[in-house]
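Comments concern the structure below.
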Number of protein chains: 2
Amino acid sequence: MDTPAQSKLLQFFKALAHESRLKLLGLVAQREHSVQELAALVGLKEPTVSHHLTMLKKLGLVSQRQDANTHWYALEPEAIANLAKQVLSREQIAGLASEADPADWQAKVLETFIAADGALKSIPASRKKRWAVLAWLVRQFEDGRRYTEAEINTRLLERHWDSATLRREFIGYKMMAREAGVYWRLPEADWVSEAATPAG
Amino acid sequence: MDTPAQSKLLQFFKALAHESRLKLLGLVAQREHSVQELAALVGLKEPTVSHHLTMLKKLGLVSQRQDANTHWYALEPEAIANLAKQVLSREQIAGLASEADPADWQAKVLETFIAADGALKSIPASRKKRWAVLAWLVRQFEDGRRYTEAEINTRLLERHWDSATLRREFIGYKMMAREAGVYWRLPEADWVSEAATPAG
DNA sequence: CGTCTAATTAGATACCCATCGAATGAGGTT
DNA sequence: AACCTCATTCGATGGGTATCTAATTAGACG
């Protein structure tokens with residue numbers, strides 16, 4: 001499920017994240033070099049250097065030409081420039097996180113606190129996790145409809161014994177409103193931002 | 001003996017070379033996040049996330065502010081831009097190799113083939129290594145002076161039994177010239193390039 | 001001053017990957 | 001065809017580090 005661009009960027013960084021490969025890049029940036037030369041220059045054995053060069057070549061960071069059975073490697077300068085361009089923009093960086101979005105987070109919290117039969121194992125102590133659970137819970141009440149406290153309790157008791165606390169929290173988190181013993185859901189727009197905004 | 005700039009660049013790449021940290025960077029690029037949120041969003045435990053954030057902060061890639069005991073992390077955009085600028089230039093890349101230069105390579109070859117007492121253990125089979133050894137050997141003859149074949153042999157036999165091969169190689173590599181049984185060194189400028197130029 | 005939450009630190013485990021030696025492949029020369 | 005040189009592939013080993021749990025620190029609130 002990786003966006004290709006993402007894993008590509010990751011691969012770039014992985015390729016550049018080792019001293020040996022950085023040195024190799026440095027050497028081939030100066031001029032063409034054979035595997036043997038490079039091995040001697042960086043103090044590694046040829047198989048190791050060959051391995052690194054293969055990786056760099058796959059990513060298009062170096063080019064290779066063959067003369068007899070000697071392979072000459074050189075830097076592919078544009079690739080580096082392109083990479084740098086990508087890294088430059090903040091939007092690109094922000095895009096890296098697309099895999100991990102709030103929905104995932106909430107799913108994870110729910111998975112932790114909701115049993116397979118739908119029962120709420122416990123009320124999360126942490127404010128944010130509690131919010132996630134309550135958000136899930138409150139969505140099981142119809143929007144626009146009015147509920148008596150008894151109706152609320154009945155529904156809640158299917159999930160957890162402490163219906164009183166849950167009811168109170170609904171009000172506290174502004175997910176529900178109460179008037180004269182009657183409850184109703186408030187529009188999500190009023191409380192969904194809670195999860196996102198840090199200093200609310 | 002690291003140039004600080006180099007290891008710094010390496011650290012940057014290492015920091016960006018892991019999926020978790022890239023995701024974290026992506027998230028804090030969108031807006032401020034607490035450790036708890038980030039942990040949930042990337043599916044890791046808080047200590048792990050904390051560890052990564054500490055690293056990113058040390059490198060100046062993220063900023064941190066504290067509100068109560070919640071730590072809010074955000075992207076430090078200029079750091080990324082600076083990094084990208086560095087990566088952009090070919091000269092920078094070439095500079096990465098400054099630790100490993102031809103002198104090192106030759107030293108390494110010599111270390112392998114020359115015994116502690118100065119004897120040549122064996123004549124390298126590889127052309128480039130043979131060149132390196134011969135270059136070292138020929139420098140033990142005075143420049144500009146003329147040698148008889150007997151003189152040459154005497155010197156060479158101190159290093160290796162096969163003086164005939166070595167003599168012949170000197171000629172072949174154009175490190176020495178011979179005329180009417182008399183030998184003399186040729187200017188290094190005529191043969192040092194041999195090691196550097198690929199297709200010579 | 002005890003308790004609760006958030007975050008960090010410490011210590012242990014497990015996995016990834018850089019490196020190496022040995023074997024194999026590819027190209028050239030005699 | 002036998003041999004030599006350079007490079008790559010293969011399989012195994014070790015080191016680095018990402019991740020976890022448990023313990024500690026720091027801050028807020030009653």
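Numbered from 1 within each chain, the chains take letters A, B, ... in sequence-line order. Values below: every heavy atom of this structure, side chains too, minus hydrogens, waters and symmetry copies.
Summarising the geometry, the separation between CG on B:N69 and P on C:dT9 is reported as 15 Å, rounded to the nearest angstrom. Separating the CG atom of A:D67 from the C1' atom of D:dT5 is a distance of 13 Å, rounded to the nearest angstrom. Atoms CD (A:E37) and C1' (D:dA7) sit 14 Å apart, rounded to a whole Å. In this structure, A:Q66 places its CD atom 9 Å from P of D:dA7, rounding to the nearest Å. Between A:W72 atom CH2 and D:dT5 atom C1' the separation is 13 Å, expressed in whole Å. A:H71 has its NE2 atom 14 Å from the C1' atom of C:dG28, to the nearest Å. Rounding to whole angstrom units, CZ of residue B:R130 and P of D:dC4 are separated by 12 Å.
The phosphate of D:dT8 has OP1 or OP2 within less than 4.0 Å of a side-chain N or O from A:Q64. Under 4.0 angstrom from either OP1 or OP2 of D:dT8 there lies at least one side-chain N or O belonging to A:Y73.
Ionic pairing of B:K57 and B:E76 is not present here: no N-O contact between side-chain nitrogen and carboxylate oxygen is shorter than 4.0 angstrom.
Using a 4.5 Å cut-off on side-chain heavy atoms (C-beta onward), A:I152 and A:L156 make contact.
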Per-pair distances, 0.1 Å, donor-acceptor, side chain in residues 43-50 of chain A, under 3.5 Å, sequence neighbours excluded:
none

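Side-chain N/O atoms of B:E149 and B:Y183 include a donor and acceptor closer than 3.5 Å.
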What string of B, S and - do you get for nucleotides 12-23 of chain D, 5' to 3', if B is base contact, S is sugar-phosphate-only contact and - is no contact with any protein heavy atom under 4.0 Å?
-----SSBBBB-
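Heavy-atom neighbours of B:Q66 CD from other residues, nucleotides or ligands within 6.0 Å: above the threshold of 12.
With sequence neighbours left out, the side chain to side chain contact (heavy atoms under 4.5 Å, CB included) criterion links A:N69 to no other residue.
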